[in-house]
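The structure under discussion appears below in the form of structure tokens.
Computed from a predicted structure; not experimentally measured.
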Amino acid sequence: MSEFDLSTIGELLSGGGLSAISKRSHVNTADVAKVLSEGIPSMISGMKNNASTDEGAQSLSAALSDHTADNTGDIAAFLKGADLKDGKKILGHVFGDDQAATIDGISKASGVSKGKITNILSMVAPLLLSVLGGQQQAGQQSGGFSLTGLLGGLLGGGGGQDDSSPIGGLGAGLLGSLLGGGGQEEEKPKEDGILGGLLNLFH
């Protein structure tokens with residue numbers, strides 16, 4: 001099995017996918033990118049927290065399996081037709097009691113209203129589950145698969161991260177990298193691992 005590279009999603013979203021989200025949410029592409037730079041690591045961090053218990057891991061694994069068969073061949077079409085009701089349910093499970101605080105943090109960081117952020121993440125959530133579900137399926141077939149290992153790897157190992165505050169940690173660094181802020185634009189994606197490379201594609 002080849003190494004999982006989440007940058008595939010970034011390549012797709014930075015093209016027709018990002019435009020599809022923009023049109024459906026009525027938010028310009030630059031602001032959509034800001035939301036995703038905070039929202040994607042926040043969702044993965046939430047999944048990692050959920051997977052830290054046996055019950056949570058089983059529930060997440062089942063959700064990933066349910067979305068494995070989703071037709072994501074045409075990302076723009078998938079996002080245009082994404083079930084927002086299903087997406088909002090996913091967000092509820094991923095963020096749990098932290099959802100309001102997480103969305104509020106993304107809103108403050110991006111300048112986008114909380115309602116539009118919820119819609120944007122609700123479009124992307126099923127796509128993220130589908131991609132992660134495919135990786136889970138491949139990993140289980142090859143043996144030695146660890147869901148928490150996969151999610152932790154996507155967060156760059158997460159050793160120094162405060163999982164309860166993804167916005168203030170990983171998300172803030174990724175936002176700065178995405179927007180070209182500071183003098184470490186070339187180094188930041190390397191420090192942030194796969195997600196840094198993913199979000200750097202939104203330039």
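- Listed by first and then second residue, the salt bridge (charged side-chain N to carboxylate O under 4.0 Å, His left out) pairs involving residues 49-62 amount to none (not counting sequence neighbours).
- Listed by chain and residue number, Ile103, Asp104, Ser107 satisfy the side chain to side chain contact (heavy atoms under 4.5 Å, CB included) test with Lys114 (two or more places apart in sequence, or in another chain).
- With sequence neighbours excluded, the residues satisfying side chain to side chain contact (heavy atoms under 4.5 Å, CB included) with Ala76 are Ala20, Asp74.
- What you find for Ser122 and Lys88 is that their closest heavy atoms are OG-CG, 3.1 Å.
- Here the OG atom belonging to Ser61 is positioned 6.5 Å from the CG atom belonging to Leu147, to the nearest 0.5 angstrom.
- One finds a salt bridge joining Lys34 and Asp31 here, because a Lys/Arg side-chain nitrogen approaches an Asp/Glu carboxylate oxygen to under 4.0 Å.
- For Thr29, the side chain to side chain contact (heavy atoms under 4.5 Å, CB included) criterion is met by Leu18, Ser22, not counting sequence neighbours.
- The shortest heavy-atom contact between Pro41 and Leu36 is CD-O, 3.8 Å.
- The side-chain hydrogen bond (donor to acceptor under 3.5 Å, both in side chains) test applied to Asp70 returns His67, not counting sequence neighbours.
- Under the side chain to side chain contact (heavy atoms under 4.5 Å, CB included) criterion, Gln58 pairs with no residue at all, not counting sequence neighbours.
- Across all non-hydrogen atoms, the minimal contact from Leu84 to Asn119 is CD2-O, 3.8 Å.
- Taken to the nearest 0.5 Å, the CG atom of Leu127 stands 4.5 Å off from the CD1 atom of Ile75.
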